[in-house]
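I have placed the structure first, in the form of structure tokens, so that the comments after it can refer back to it.
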Amino acid sequence: MESSITEKEFAIISELSSNNSSNQRTVSKKLGISLGLTNLIIKRLVKMGYIKAKQLNRRKIQYILTPKGFSEKARKSYNYTLRTINSLTLMREKIQNLAILKYKAGIRNFTIVGDNELADLAEMSLKKLSLNDVKYIRESKNGREHDASTLILNTKNQNGKSGKNLVNLISYLTESGLKI
């Protein structure tokens, strides 16, 4: 059984499948890969049977994805989608576990700072918690000194004084073993 294609090979297959009139120089510039490496990868993909090179004239070559190339592109895309969904699910669970841990410590109010996807994920995580007295608000980063990946835990101590505890979600998730 042949080994799976690399990320650079996949990028070239994707580029050639979306625009089979591309030449190596265009593909190289678009993907940020050297022309020599692009040439080597294309030759390898032809040898492996993922693409076919058709000489149009003395200076122009057309690259065509073979059925095997389409199949590998679909398989790689499918696997990437599954990994992404699994990663998002794990991140949501980690954020919910953090919120539950803070809830058990008496924290009921959260502020999500940011306009990015991680802030969206934090908001969805808090929405899905089945804790009725948990409240959160969403603020944009504008005018804030915190990162757009900050979760602010609004706390009250035993004297009734308010305080804030900041959690950098990127650091928290990374320390939890997730790759972001």
Side-chain angles (χ1 to χ4, degrees), residues 3-19 27-34 37-38 41 69-180:
S3 62
S4 181
I5 61 174
T6 66
E7 293 301 317
K8 287 181 182 176
E9 290 168 339
F10 177 70
I12 289 176
I13 284 176
S14 294
E15 180 58 31
L16 292 175
S17 71
S18 66
N19 187 3
V27 171
S28 153
K29 284 182 181 175
K30 191 162 188 176
L31 299 178
I33 304 172
S34 73
L37 182 58
T38 302
I41 291 172
F70 276 114
S71 174
E72 183 64 16
K73 181 182 174 198
R75 187 189 67 74
K76 190 99 171 170
S77 297
Y78 174 76
N79 288 336
Y80 174 78
T81 302
L82 282 181
R83 279 193 317 273
T84 301
I85 290 169
N86 289 336
S87 291
L88 290 171
T89 300
L90 283 172
M91 283 187 240
R92 181 185 48 81
E93 288 171 357
K94 294 286 184 184
I95 292 169
Q96 285 178 326
N97 289 340
L98 172 66
I100 289 169
L101 184 69
K102 297 303 180 178
Y103 178 84
K104 288 178 180 175
I107 298 171
R108 302 293 188 263
N109 298 308
F110 299 86
T111 302
I112 302 164
V113 179
D115 297 321
N116 59 14
E117 289 82 9
L118 186 54
D120 293 341
L121 187 60
E123 183 174 0
M124 285 188 296
S125 300
L126 291 175
K127 270 184 188 177
K128 289 194 177 238
L129 283 177
S130 56
L131 304 170
N132 295 333
D133 53 344
V134 167
K135 295 180 182 150
Y136 71 90
I137 60 170
R138 177 93 180 254
E139 294 180 4
S140 69
K141 183 182 178 336
N142 298 338
R144 302 288 303 215
E145 70 275 7
H146 311 297
D147 291 352
S149 58
T150 302
L151 182 64
I152 301 175
L153 312 169
N154 299 313
T155 62
K156 288 186 180 176
N157 62 20
Q158 283 124 356
N159 299 335
K161 291 191 177 185
S162 294
K164 292 188 180 199
N165 182 358
L166 307 178
V167 176
N168 181 312
L169 289 176
I170 291 176
S171 296
Y172 172 75
L173 292 171
T174 304
E175 289 166 5
S176 297
L178 294 175
K179 293 179 183 179
I180 298 179

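Bear in mind the structure is a predicted one, so any value in this text is a computation, not a measurement. Start at 1 with the first residue, then count along the sequence.
- Of all non-hydrogen atoms in Asn116 and Arg138, the two that sit nearest each other are O-NH2, 3.8 Å.
- For the residue pair Ser14 / Lys73, no side-chain donor-acceptor distance below 3.5 Å is found, with atom types taken as modelled.
- For the pair Leu98/Val167, a side-chain contact is recorded, criterion being any heavy-atom separation below 4.5 Å from C-beta on.
- A distance of 10.0 Å separates CG in Leu129 from OH in Tyr103, rounded to the nearest 0.5 Å.
- Taking CD1 of Ile41 as the reference point, atom CZ of Phe10 lies at 13.5 Å (rounded to 0.5 Å).
- Judged by distance alone, with hydrogens and angles left aside, the side-chain atoms of Ser28 form a donor-acceptor pair with the main-chain N or O of Ile33 at under 3.5 Å.
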Practice task
Decide yes or no on side-chain contact (heavy atoms from CB on, under 4.5 Å) for Glu9 and Glu72, but give the supporting numbers first.
Solution key: CA-CA 11 Å; Glu9 290 168 339; Glu72 183 64 16; over 6 Å; no

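- Across all their heavy atoms, Gly114 and Ala119 have their closest contact at O-CB, 3.5 Å.
- Note that CD1 of Ile100 is 10.5 Å distant from CD of Glu93, once rounded to the nearest 0.5 Å.
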Exercise for the section: Output, in order, the C-alpha distance, side-chain angles, deciding distance and verdict of side-chain contact (heavy atoms from CB on, under 4.5 Å) for Leu121 and Met124. Expected result: CA-CA 5 Å; Leu121 187 60; Met124 285 188 296; 3.9 Å; yes

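- Put simply, the side chain of Lys135 does not reach to within 4.5 Å of the side chain of Arg108, judged on heavy atoms.
- Remark: Glu117 CD to Leu88 CG distance equals 10.0 Å, nearest 0.5 Å.
- To the nearest 0.5 Å, atom CG of residue Leu126 and atom CZ of residue Arg92 are 11.5 Å apart.
- Counted within 6.0 Å of CG on Asn132, heavy atoms from surrounding residues, nucleotides or ligands total 12 or fewer; the atom is thus considered open.
- To the nearest 0.5 Å, atom CG of residue Leu173 and atom NZ of residue Lys94 are 8.5 Å apart.
- Checking side-chain atoms of Gln96 against main-chain N and O of Ser125 turns up a donor-acceptor pair under 3.5 Å.
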Practice task
For the pair Asn109 and Tyr136, evaluate side-chain contact (heavy atoms from CB on, under 4.5 Å) and give the outcome as yes or no after the intermediate values.
Solution key: CA-CA 6 Å; Asn109 298 308; Tyr136 71 90; over 6 Å; no

Problem - Evaluation steps, side-chain contact (heavy atoms from CB on, under 4.5 Å), between Lys128 and Ile95 - result: CA-CA 11 Å; Lys128 289 194 177 238; Ile95 292 169; over 6 Å; no

